[in-house]
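Chain naming here is simple, since letters A, B, ... match the order of the sequence lines and numbering starts at 1 in each. Here the structure is a predicted model, which means the values were calculated and not measured.
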Protein chains: 2
Amino acid sequence: MARAATTADAFNAVAEPRRRQILDALAGGERPVNDLVRLLDLAQPQVSKHLRVLREVGAVDVRDKGRQRLYRLNGHALKPIHDWVKNYERSWSERFDQLDVVLEDLKQKEEGNGSE
Amino acid sequence: MARAATTADAFNAVAEPRRRQILDALAGGERPVNDLVRLLDLAQPQVSKHLRVLREVGAVDVRDKGRQRLYRLNGHALKPIHDWVKNYERSWSERFDQLDVVLEDLKQKEEGNGSE
DNA sequence: TTGACACATTCCCATATGGGTATATGATTG
DNA sequence: CAATCATATACCCATATGGGAATGTGTCAA
């Protein structure tokens, strides 16, 4: 067996630096492909291919506008990554234990307020 | 050019599900290779190869004990991933703005206490 | 020393890249 | 309709897999 497809999940899609650059660029808002081509200094077909991968894992959405295609970030697809890596935060954050207590406290208060 | 090496950085290393499983297993503490072989239900050479990748990106450390090799998690290598994905948390956490304010407040107090 | 045990490394192979280049598709303009 | 602009796809190729199988290396026991 070979390596898993980059479209297998967000972890694989985001392993490629160019694709992280694209997401970072889209964090500022919707952008057409040519914008990304200039920003990344990469050939247009390559950018389109990276965008395809990001679309397949749901990290970006597209919208047509005349002859342009506007890509927009959909960070929701990155949640699994965040959820997974969050559990290792203890390893480097010495104040995590402290923060943990505070967050737990916050959660209690919030439930008390019944704001959901 | 082909895909970047899995040993290029933590992002690539962690794109492989088996390697995430290994890290999760090591989260409980130091373990010999055979433990992982049983837990992952994977052949020993494959486990050793995955461990090599994780070692090369600094996600695990090794220690010799007789004929065993005890692997230990080093979550510090995962910090770059956390730092990157953290910026997208807004996308799915509706209460992020609220939390943001609280954290900012905490930061202020902390600096006031001069606890570093 | 010999054998067993715990791992690491090597070799083989099917597969999926990521970039380069050429070309197809779709919309807009003249 | 023809020409042009904005993208997407198709192809080619060098490269790095991840698993399977066999073998090498170091340690402990008899």
Side-chain angles (χ1 to χ4, degrees), chain A residues 1-26 29-57 59-73, chain B residues 1-26 29-57 59-73:
Chain A
M1 197 187 284
R3 204 187 307 194
T6 57
T7 55
D9 55 40
F11 283 95
N12 279 283
V14 156
E16 167 65 32
R18 304 293 201 167
R19 287 195 283 265
R20 290 201 298 279
Q21 281 179 33
I22 289 180
L23 294 179
D24 291 341
L26 293 179
E30 232 177 13
R31 278 180 184 288
V33 178
N34 262 341
D35 259 37
L36 299 171
V37 169
R38 284 176 220 115
L39 286 171
L40 300 199
D41 192 38
L42 190 61
Q44 176 268 313
Q46 277 61 325
V47 173
S48 280
K49 279 187 277 188
H50 283 311
L51 285 168
R52 187 162 172 26
V53 172
L54 290 173
R55 236 174 36 212
E56 291 200 34
V57 300
V60 299
D61 293 321
V62 214
R63 179 169 76 90
D64 285 35
K65 182 189 177 189
R67 33 183 150 180
Q68 303 189 36
R69 307 205 76 192
L70 302 180
Y71 281 82
R72 172 209 300 256
L73 173 70
Chain B
M1 198 186 282
R3 203 185 310 191
T6 57
T7 55
D9 56 40
F11 283 94
N12 279 282
V14 157
E16 167 65 33
R18 304 293 204 166
R19 286 195 282 266
R20 290 201 298 280
Q21 282 179 31
I22 289 179
L23 293 179
D24 290 342
L26 293 179
E30 232 177 14
R31 278 181 186 286
V33 178
N34 262 339
D35 259 37
L36 299 170
V37 169
R38 282 177 222 117
L39 286 171
L40 300 198
D41 193 36
L42 189 62
Q44 175 267 312
Q46 277 61 321
V47 172
S48 282
K49 280 187 274 188
H50 283 311
L51 285 168
R52 187 163 172 30
V53 173
L54 291 174
R55 236 172 38 211
E56 291 198 36
V57 299
V60 299
D61 293 321
V62 214
R63 179 169 76 89
D64 285 35
K65 183 189 175 189
R67 34 184 148 177
Q68 302 189 35
R69 306 205 79 191
L70 301 180
Y71 281 82
R72 172 208 301 256
L73 173 70

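- Arg69(A) has its CZ atom 10 Å from the C1' atom of dG26(C), to the nearest Å.
- Looking at every heavy atom in both residues, Val14(A) comes nearest to Leu23(A) through CG2-CD1, 4.1 Å.
- Across all non-hydrogen atoms, the minimal contact from Gln68(A) to Pro32(A) is OE1-CB, 3.0 Å.
- The nucleotide whose nearest atom lies closest to any side-chain atom of Pro45(A) is, among dT21(C), dA29(D), dA22(D), dT21(C).
- Residues passing the side-chain contact (heavy atoms from CB on, under 4.5 Å) test with Leu36(A) are Ile22(A), Ala25(A), Leu26(A), Arg31(A), Val47(A), Leu51(A), sequence neighbours excluded.
- Note: CD (Glu56(A)) to C1' (dT9(D)) measures 13 Å, nearest angstrom.
- Taking every side-chain heavy atom of Ala5(B) into account, dA16(D) is the closest of dA16(D), dG18(C), dT9(C).
- Within residues 31-40 of chain B, no residue has any heavy atom closer than 4.0 Å to DNA chain D.
- Look at CZ on Arg52(A): it is 16 Å from P on dG19(C), rounded to the nearest Å.
- Here dG18(C) presents its C1' atom at 7 Å from NZ of Lys49(A), a figure rounded to the nearest Å.
- With distances taken from any side-chain atom of Ala2(B) to the nucleotides dC7(C), dT15(D), dA16(D), the minimum falls on dT15(D).
- Residue Met1(A) contributes atom CE, which lies 10 Å from atom P of dA16(C) at whole-angstrom precision.
- The side chain of Tyr71(B) places an N or O atom within less than 4.0 Å of a non-bridging phosphate oxygen (OP1 or OP2) of dA8(C).
- Across the interface with DNA chain D, nearest-nucleotide mapping of Leu42(B) and Val62(A) shows Val62(A) to be the residue nearer the 5′ end.
- For the pair Lys65(A) NZ and dA6(D) C1', the computed distance is 13 Å after rounding to whole Å.
- Of all heavy-atom pairs spanning Val53(A) and Ala13(A), the tightest one is CG1-CB, 4.0 Å.
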Practice task
I would like to know whether Ser48(A) and Gln44(A) meet side-chain contact (heavy atoms from CB on, under 4.5 Å); could you show each step before the answer?
Solution key: CA-CA 6 Å; Ser48(A) 280; Gln44(A) 176 268 313; 3.1 Å; yes
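- A donor-acceptor contact under 3.5 angstrom links the side-chain atoms of Arg67(A) to the base of dC5(D).
- For the segment residues 8-24 of chain B, no residue has any heavy atom less than 4.0 angstrom from an atom of DNA chain C.
- Listed here is the closest heavy atom pair of Arg19(A) and Asn12(A): NH2-O, 3.9 Å.
- Scanning atom types as modelled, one donor and one acceptor separated by under 3.5 angstrom connect the side chain of Gln44(A) and the base of dA8(D).
- When distances are taken from the side chain of Gln68(B) to each of dT9(D), dC7(C), dG19(D), the shortest belongs to dC7(C).
- Proximity of Thr6(A) to the phosphate of dT17(C): a side-chain N or O atom is located under 4.0 Å from OP1 or OP2.
- The minimum heavy-atom distance linking Ala8(A) with Ala4(A) is given by the pair CB-CB, 4.3 Å.
- In this structure, CG of Asp64(B) is placed 10 Å from C1' of dC7(C), rounded to the nearest angstrom.
- With contacts defined as side-chain heavy-atom distances shorter than 4.5 Å, the pair Thr6(A)/Glu16(A) does not qualify.
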Exercise for the section: Go through the steps for Leu42(A) and Gln21(A) under the test side-chain contact (heavy atoms from CB on, under 4.5 Å), then give the verdict. Expected result: CA-CA 11 Å; Leu42(A) 190 61; Gln21(A) 281 179 33; over 6 Å; no
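- Note on Gln46(B): a base of the nucleic acid sits closer than 4.0 angstrom, heavy atoms only.
- Taking atom NE2 of His50(B) as the reference point, atom C1' of dG19(D) lies 8 Å away to the nearest angstrom.
- Electrostatic pairing of Asp41(A) and Arg38(A) does not count as a salt bridge here, judged by no charged N lying under 4.0 Å from a carboxylate O.
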